[in-house]
2 protein chains.
Amino acid sequence: MAHEHDHSDACPGCAAPPQVAFARHDHSHCAGDVLARAEALAEAQGARLTPVRRRVLEILLEEHRALGAYDVLQRLAAEGFGNQPPVAYRALDFLVENGLAHRIRRLNAFAACMHPGEDHAPVFLICRECNHVAEAPAAPVRAAVDAVAASLGFTVERSNIEAMGLCPACRGTAS
Amino acid sequence: MAHEHDHSDACPGCAAPPQVAFARHDHSHCAGDVLARAEALAEAQGARLTPVRRRVLEILLEEHRALGAYDVLQRLAAEGFGNQPPVAYRALDFLVENGLAHRIRRLNAFAACMHPGEDHAPVFLICRECNHVAEAPAAPVRAAVDAVAASLGFTVERSNIEAMGLCPACRGTAS
DNA sequence: CTTGACATGTTATTGTATAACATACATAGG
DNA sequence: CCTATGTATGTTATACAATAACATGTCAAG
């Protein structure tokens, strides 16, 4: 079921190397790859990737963009899973807790993690035009956050960095 | 109406210099100072700091922490202003747009800006214990974000950086 | 004083998220 | 085998957050 994108030229958020995250490519490949790695990671962590959870992850990977909990729920319901909010939220929370998905607070939405097991708490680059989300390595950014926090005596446990702007594709098509 | 804090030893988020943001101090002083600067800034921008808007800013300054829109609304209603959600949201949106307050997405809440006119889009340090929010200078952090975004061809327009953790006071009282 | 722009007030609704409880399902210990 | 236990799922109901759409009021420029 390999296919080219038909929803956009850009494919933000795809797996490493980051340099191609926004480049045009067939992402059924990277999605499959991510799913395999996600399964391995879940196993390694003793987390159970049950049918609903796995299906939610697949949905996020297929859509390849940030999806609201109710969007996910709608798809689940259509496939015979429960059709009440907690079904979606529980699966999504599980994925987030286990590093298989991210919550994009600015969009009240969730997106599959494209680098499971690697750099958690990445920088999210959110295109305001096409709504696609890319993950960028956050190590230097987090270092800067830790530094300024430390100077105030604040201990950072988790950080969430979201940048709004224009992805390369949408900047090209600027109106 | 100067008074010492009775809700907490810490006073995160207070105005410059940042080194004292979390230090114990009388914040009625910095709040008044911020309010004066906010008025000046609004005037300079041709923005009208009307009674509701001004009152909302005062409420945020008095509370000195992130407040939900409905918390603000409740206080407004008790003082004879409108008691419907749009009243609070409009005032809050105005303050955010004019750089007088910030929206803390992680908390679905709003907090007064402690450095009106200075460094916008700061780093937010959110204490998970006392819920207090401090603003830290974000220039180096934003530089790091811009760098990684640029390497992907992404143009950053706005960024939102929120760190969860423990403020100095709450780390001391760790249970 | 009237027009136009902006601000406020109100009703109603949509969207997001969670509490609380009931049921099913796996699996390790008896 | 089976039953006790923890975990996962399903369902009902509700809480919390945000906005659409429209009516009214206010103020200053013409």
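Residue numbers begin at 1 in each chain, while the letters A, B, ... track the order of the sequences.
Within the structure, the side chain to side chain donor-acceptor pair (under 3.5 Å) test picks out the following pairs touching residues 90-103 of chain A (sequence neighbours left out): A:His102-A:Glu135.
B:Glu63 and B:Arg75 are joined by a salt bridge, as a carboxylate oxygen and a charged side-chain nitrogen come within less than 4.0 angstrom of each other. The pair A:Arg105-A:Glu162 fails the salt-bridge criterion, with no side-chain N (NZ, NE, NH1 or NH2) lying under 4.0 Å from an Asp/Glu carboxylate O.
With sequence neighbours excluded, the residues that form a side-chain hydrogen bond (donor to acceptor under 3.5 Å, both in side chains) with B:Glu58 are B:Arg54, B:Arg55. B:Arg158 pairs by the salt bridge (charged side-chain N to carboxylate O under 4.0 Å, His left out) definition with nothing, not counting sequence neighbours.
Checking side-chain atoms of B:Arg53 against main-chain N and O of B:Arg48 turns up a donor-acceptor pair under 3.5 Å.
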Taking only nitrogen or oxygen atoms into account, show me every contact under 3.5 Å that the protein makes with nucleotides 6-8 of chain C, one pair per line with its distance.
residue, atom, partner, partner atom, Å
C:dA7, OP1, B:Arg53, NH1, 3.3
C:dA7, O5', B:Arg53, NH2, 3.4
C:dT8, OP1, B:Thr50, OG1, 2.6

What's touching nucleotides 16-19 of chain C from the protein side, N or O pairs under 3.5 Å?
residue, atom, partner, partner atom, Å
C:dA17, OP1, A:Arg103, NH2, 2.9
C:dA17, OP2, A:Tyr89, OH, 2.9
C:dA17, O5', A:Tyr89, OH, 3.3
C:dA17, N7, A:Tyr70, OH, 2.6
C:dA17, N6, A:Tyr70, OH, 3.4

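Running 5' to 3' along DNA chain D, contacts with non-hydrogen atoms of chain A at under 4.0 Å begin and end at D:dA8 to D:dT12.
For B:Leu73 and C:dT11, the CG to P distance is 13 Å, given to the nearest whole Å.
Nearest heavy-atom pair across A:Leu95 and A:Leu57 is CD1-N, 3.8 Å. Across every non-hydrogen atom of B:Arg37 and B:His115, the tightest pair is NH1-CA, 4.3 Å.
The aromatic rings of A:Tyr89 and A:Tyr70 sit perpendicular, their planes meeting at an angle over 60°, well past the 30° parallel limit.
Linking Ile, Leu, Val, Met, Phe, Trp and Tyr residues whenever their side-chain heavy atoms come within less than 4.5 Å places B:Phe94 and B:Val87 in a single cluster.
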